[in-house]
Each structure stands twice: as structure tokens, then as C-alpha cells.
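Just so we're on the same page: letters track the sequence lines, and every chain starts at 1. Note that the coordinates shown come from a computational prediction; the quantities given were computed from them, not determined experimentally.
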There are 2 protein chains.
Amino acid sequence: MRMSELSRSAGMPVATVKYYLREGLLRAGIHLSATSASYDGTHLERLGLIRALVDGAGLSIAQVKRVTQTLDNPPDTWHDMLGTAQSVLCGPPDEDLETTSADALLQRLGWAVSERSPARADLARALERLDTGGISVRAQDLDGYAAAAQAAAVIDVTALPTDTPGAALRQAIVGTVLLDHVLIALRRLAQEDVSARTFARRQTSGAADSAKSDGGAHFAG
Amino acid sequence: MRMSELSRSAGMPVATVKYYLREGLLRAGIHLSATSASYDGTHLERLGLIRALVDGAGLSIAQVKRVTQTLDNPPDTWHDMLGTAQSVLCGPPDEDLETTSADALLQRLGWAVSERSPARADLARALERLDTGGISVRAQDLDGYAAAAQAAAVIDVTALPTDTPGAALRQAIVGTVLLDHVLIALRRLAQEDVSARTFARRQTSGAADSAKSDGGAHFAG
DNA sequence: ACAAGTGGAGAGTAACACTATCCAATGTCG
DNA sequence: CGACATTGGATAGTGTTACTCTCCACTTGT
């Protein structure tokens with residue numbers, strides 16, 4: 001397959017494919033001569049991955065580069081797999097970060113997470129932003145969110161392919177970041193469902209009797 | 001409070017505050033004369049919100065503008081509240097979008113969501129990207145993710161403040177988008193915990209016993 | 001022979017989120 | 001009263017990102 005066919009199959013301009021080659025996101029093709037190289041299905045697949053990560057997950061080119069470099073050079077242990085996935089996807093570590101509320105939550109949950117896990121910093125940052133954004137969340141609600149996150153994580157880990165490390169790493173990184181958005185969309189839709197059942201015809205003002213009293217009663221099943 | 005004090009309190013340059021004023025993210029202060037206006041705590045609070053949404057949630061200025069406009073002009077019903085929050089936070093509706101897999105999932109779940117809910121389009125897009133990214137997810141796993149998302153949504157809805165519509169709307173929009181990131185971080189941390197418990201010292205390859213051959217046997221629990 | 005395509009490199013572009021500069025009109029301090 | 005910093009307001013400039021375009025010498029297919 002030549003450049004023009006590759007770009008046509010992937011649905012993007014030749015210039016863009018060249019750009020990804022320059023940036024090291026895509027391996028060079030096999031050189032047949034000074035002015036022609038041959039690309040195969042793995043190149044096409046890689047372009048699909050780049051497109052999904054950039055357009056779908058909103059990753060920057062630099063992040064995608066880290067993902068692809070990791071995919072091409074996997075770590076040694078299964079546990080490092082997810083750790084690598086996270087170091088690629090999380091924000092940078094930050095020494096002067098207030099992590100007490102995050103630490104308190106994690107201790108309450110009893111989760112075995114490293115002291116300097118990048119996701120711990122992400123959690124601390126997210127909780128801090130809730131604060132600066134003027135949102136307060138009850139501890140018991142945080143615990144509830146954590147339980148939901150754990151339910152998702154159990155599925156993540158059990159669904160990791162076990163045939164090859166490469167497939168596992170790919171699933172760990174790509175599946176994690178793409179499923180983030182599936183989960184977010186599902187949360188929105190579940191909100192709509194729950195909201196519809198709870199206050200379908202309740203007004204924001206006027207005759208509204210306490211919505212609080214039966215707010216959660218319909219979800220026992 | 002004058003401009004310089006407002007910008008100092010919010011921890012951002014005067015030029016940036018002026019920019020937000022220009023873009024309509026921040027109400028103008030009360031004009032005391034042609035060259036001075038007075039700002040109050042609501043302006044400071046709004047700047048904190050903008051900062052949380054831009055830096056924390058990664059929203060664009062245009063999205064933040066839609067959020068603030070909605071906050072300043074709330075809808076009529078409680079149910080519209082979350083709908084409005086979603087139309088602000090979700091991607092655009094798309095007529096030519098393949099929604100069959102999303103529709104199938106939602107029908108299986110039996111959720112009461114509108115045919116043209118923007119979150120439905122988001123879900124369809126996210127599922128499509130899983131495909132172009134080369135990730136396949138079993139239907140039963142999707143159902144599991146949906147259950148986790150629903151658990152989060154129940155907390156979302158029951159935690160909505162019921163005192164004033166403004167507070168509810170603020171929580172619905174700001175809480176939803178900021179808690180997205182809390183949930184994502186919690187999912188990463190839960191992955192680390194689950195992974196640590198599952199394959200703490202198992203090798204992907206190398207001198208240890210062939211991880212390939214028995215790779216999948218340990219995940220039954 | 002010759003149009004079309006190739007790898008490669010560099011410059012150009014559009015969007016975005018600020019950031020800097022300028023201005024006339026104050027406020028404020030000695 | 002006058003020097004001087006600050007204000008609201010407008011306009012232009014900056015740095016980053018993710019492409020996109022142009023050019024080139026050189027094959028390749030017909």
C-alpha cells in the first residue's frame with residue numbers, strides 16, 4: 001500500500017499522514033526506493049488509533065506520541081502495564097499539591113495505591129477544583145462515587161486480554177481513555193433517566209413540594 | 001472592590017479579567033464613574049468558577065460562556081435543569097450518526113432517555129471511536145459500566161440542592177463536569193488497587209515462567 | 001516522453017486563550 | 001493645583017497547537 005492509498009483508507013489528507021510520520025506517531029513504511037515506501041495494515045490501524053485518541057479522547061499529539069511509544073516498547077510486569085497507562089494519561093506529578101482530602105478518601109477506602117501515583121495527584125487536583133468551583137460534596141457521596149469507579153475498574157481489569165502483553169497494554173491504555181468517554185456519556189444518560197423518574201413534572205419554583213423526601217426511592221432495583 | 005483588587009484576589013492578571021468581561025463570561029461591575037466600576041463577591045466567585053471549568057475541566061471559553069449564560073438564565077423545570085446542563089456540556093447533535101449500538105444498549109437498559117438527547121449522540125460517538133481505535137467491549141461489560149454510571153447518577157440527582165433553582169443548576173452543571181474528572185481519577189486509582197491485588201508480581205515476559213502460556217488463568221476471581 | 005505520485009523539509013495557517021499596548025478620563029495624594 | 005497611578009475600553013500582538021501547503025528532486029506507470 002502506498003501513501004495515497006493509506007491516506008485514502010484512513011480518510012485523512014496525505015499531508016496529515018506525513019505530519020504524523022514526522023512527529024513519530026507512525027512508523028515509516030518499508031522503503032522500496034528513494035521515492036516510494038510500502039505501508040501495511042498496521043499503519044492503517046495505527047492511524048485509526050491516533051484518530052480515536054485525538055478526536056475521541058481529546059489527547060494532544062504529544063500524549064498520543066507517549067501512548068504509541070509505550071505501545072511499541074511495553075513494560076515488564078502486568079501491574080506496570082496499568083501504571084504505564086496512567087503515567088501516560090494522567091497529569092504531571094506536583095510536589096506542592098494539597099493531597100490531604102484525596103489521601104483521606106483513599107485511606108477511608110483502603111485502596112492499595114502508591115504514594116506517588118499520578119492518578120492520586122489527579123484526584124487531588126480534581127477535588128481542589130470542586131472547591132474553587134464552589135461545589136461541595138459530602139464524604140458519603142464521594143464514597144459512593146468511589147464504589148461506582150471501583151465497579152468499572154473491576155470490569156476494566158478482568159476484561160484485559162490475556163493472550164499477548166501487547167494486546168493487554170493496548171487495551172489498558174486505549175480502552176481506559178476511550179471508555180472514560182463512554183462512562184461519561186452513560187452517566188449523563190443515567191442522569192436523564194433518574195431525573196425523568198424523579199422530577200418529571202416538578203417545577204423549579206412555585207408549588208414544588210420537597211423533592212428531597214423521595215429523591216432516591218425509585219432505584220432500589 | 002475595584003479591578004486591581006478583584007484580579008489580585010482571583011490570582012490572575014487584570015488583562016485576563018478584562019478578557020473575560022469582553023467575552024461575556026463575567027458581568028460588568030457597577031459603574032461609579034466613566035473610569036471606575038465596583039465588583040463584589042459574586043464576581044470573585046464567578047472567576048473561581050471560570051478557572052475551575054477552564055483549567056480543571058478543560059472547557060473552552062465558548063463552553064464556559066454557555067455555562068454562565070445558562071446559570072444567569074435558568075430553565076423552568078427540574079428536569080430541564082439537567083437537560084440544559086447536558087446540552088451545554090455535550091457535543092453537537094449529528095443527524096448522520098450511526099446510533100444503533102448506542103440505541104441497543106439503551107434499550108437493553110430500559111432507560112427513559114429522549115430520542116435526541118445530546119448525550120445519546122455522545123455515547124454513539126464514543127462507541128464508534130472504540131471501534132476505530134480497535135477496542136471491542138463485550139455487551140455484558142457495557143452493561144456493567146452502565147450500572148456503575150447509574151450508581152453515580154443516582155448520587156448526582158439525590159445530591160442536587162433543593163433550596164433554590166440557581167443552586168441546583170449550578171450543581172447540575174458545575175458538579176457534573178468537575179465530578180467527571182473526580183470519577184476518572186477514582187477509576188484510575190481503583191484500577192491500580194484491583195490490579196495490585198490481582199497480578200502484583202506477575203511478569204509479562206522474560207525469564208520468569210511463560211506469562212503468555214498461563215496469562216489468563218488468574219482472573220477468574 | 002511525461003503526467004502523476006513519492007519522500008522529505010520548511011513555511012504558512014487558523015483557532016484559541018490570553019497578554020500587551022495605548023488612550024482619554026478619572027481618583028488620589030502632596 | 002498638579003503629578004502620577006489606575007480605570008474602562010479598544011486594538012493589536014504572542015505563543016501554542018494541529019494541521020496544511022508549497023516546493024523539491026526523483027521515480028513510477030502508460
Side-chain angles (χ1 to χ4, degrees), chain A residues 1-40 43-44 46-69 91-92 129 177, chain B residues 1-40 43-44 46-68 91-92 129 132 177:
Chain A
M1 190 190 310
R2 315 236 210 305
M3 170 66 79
S4 63
E5 187 181 352
L6 177 66
S7 83
R8 216 177 319 109
S9 303
M12 61 182 72
V14 171
T16 303
V17 178
K18 286 184 172 185
Y19 170 63
Y20 293 151
L21 280 169
R22 266 204 307 277
E23 294 299 313
L25 273 59
L26 184 67
R27 279 177 303 110
I30 297 162
H31 275 60
L32 302 175
S33 79
T35 66
S36 92
S38 155
Y39 305 91
D40 58 22
H43 292 92
L44 190 53
R46 175 59 58 90
L47 286 176
L49 175 61
I50 294 171
R51 212 90 295 280
L53 292 177
V54 169
D55 292 352
L59 297 195
S60 68
I61 296 297
Q63 282 175 305
V64 175
K65 184 174 182 178
R66 283 200 290 164
V67 168
T68 55
Q69 280 178 346
R129 267 144 197 169
V177 65
Chain B
M1 193 190 311
R2 315 244 202 298
M3 170 67 78
S4 63
E5 188 182 350
L6 177 66
S7 82
R8 217 177 319 112
S9 304
M12 61 183 72
V14 171
T16 304
V17 177
K18 284 183 171 185
Y19 170 63
Y20 292 152
L21 281 168
R22 266 202 310 280
E23 295 298 314
L25 273 58
L26 184 67
R27 279 179 303 110
I30 299 162
H31 275 60
L32 302 175
S33 78
T35 66
S36 92
S38 156
Y39 304 90
D40 59 23
H43 292 92
L44 191 53
R46 175 59 58 89
L47 287 176
L49 174 62
I50 294 170
R51 212 92 293 280
L53 293 177
V54 170
D55 291 352
L59 296 196
S60 69
I61 296 295
Q63 281 175 304
V64 175
K65 183 173 183 179
R66 283 200 290 165
V67 169
T68 55
R129 268 145 197 168
T132 67
V177 65

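- The nearest whole Å value for the distance from the CE atom in A/M3 to the P atom in D/dT28 is 16 Å.
- When the nearest nucleotides of DNA chain C are assigned to B/R51 and A/H31 by heavy-atom distance, the more 5′-ward of the two goes with A/H31.
- Between the C1' atom of C/dT26 and the CG atom of B/L32 lies a distance of 12 Å, rounded to the nearest Å.
- Comparing A/A34 and B/A37, the nucleotide of DNA chain D nearest to each residue sits closer to the 5' end for B/A37.
- When all heavy atoms are compared, the tightest approach of A/A37 to A/G29 is CB-C, 4.1 Å.
- The two residues B/S4 and B/V14 make their nearest non-hydrogen contact at CA-CG2, 4.4 Å.
- With rounding to whole Å, A/I50 atom CD1 is found 13 Å from D/dA18 atom C1'.
- For A/S33, taking side-chain heavy atoms from C-beta onward, the closest of the listed nucleotides D/dT27, D/dG29, C/dC18 is D/dT27.
- Here the closest heavy-atom approach between residue A/L47 and residue A/M12 is recorded as CD2-SD, 4.1 Å.
- Taking every heavy atom of residues 8-22 of chain A and every atom of DNA chain C, pairs under 4.0 Å involve A/K18, A/R22, by number.
- Taking only side-chain atoms of A/S4, from C-beta outward, the nucleotide of D/dT28, D/dT6, C/dG5 with the closest atom is C/dG5.
- Rounded to whole Å, atom P of C/dT6 lies 16 Å from atom CD1 of A/I30.
- Not one N or O on the side chain of B/E23 forms a donor-acceptor pair closer than 3.5 Å with the backbone of B/Y20.
- We find that CG of B/L26 is positioned 15 Å from C1' of C/dC18, with the value rounded to whole Å.
- The two residues A/L21 and A/L26 have their closest heavy-atom pair at CD2-O, 3.4 Å.
- Atom CZ in B/R2 sits roughly 9 Å away from atom P in C/dG27 (whole-Å rounding).
- Contact detail for B/V177 and B/A57: the closest heavy-atom pair is CG2-CB, 3.5 Å.
- Remark on DNA chain C: of its neighbouring residues B/T35 and B/D55, the 5'-side contact belongs to B/D55, judged by nearest-heavy-atom nucleotide.
- The shortest distance between side-chain heavy atoms of A/R27 and A/R46 does not fall below 4.5 Å.
- Computed from coordinates, the A/E23 CD to D/dA18 C1' distance equals 9 Å when rounded to whole Å.
- The nearest whole Å value for the distance from the CG atom in A/L6 to the P atom in C/dT6 is 10 Å.
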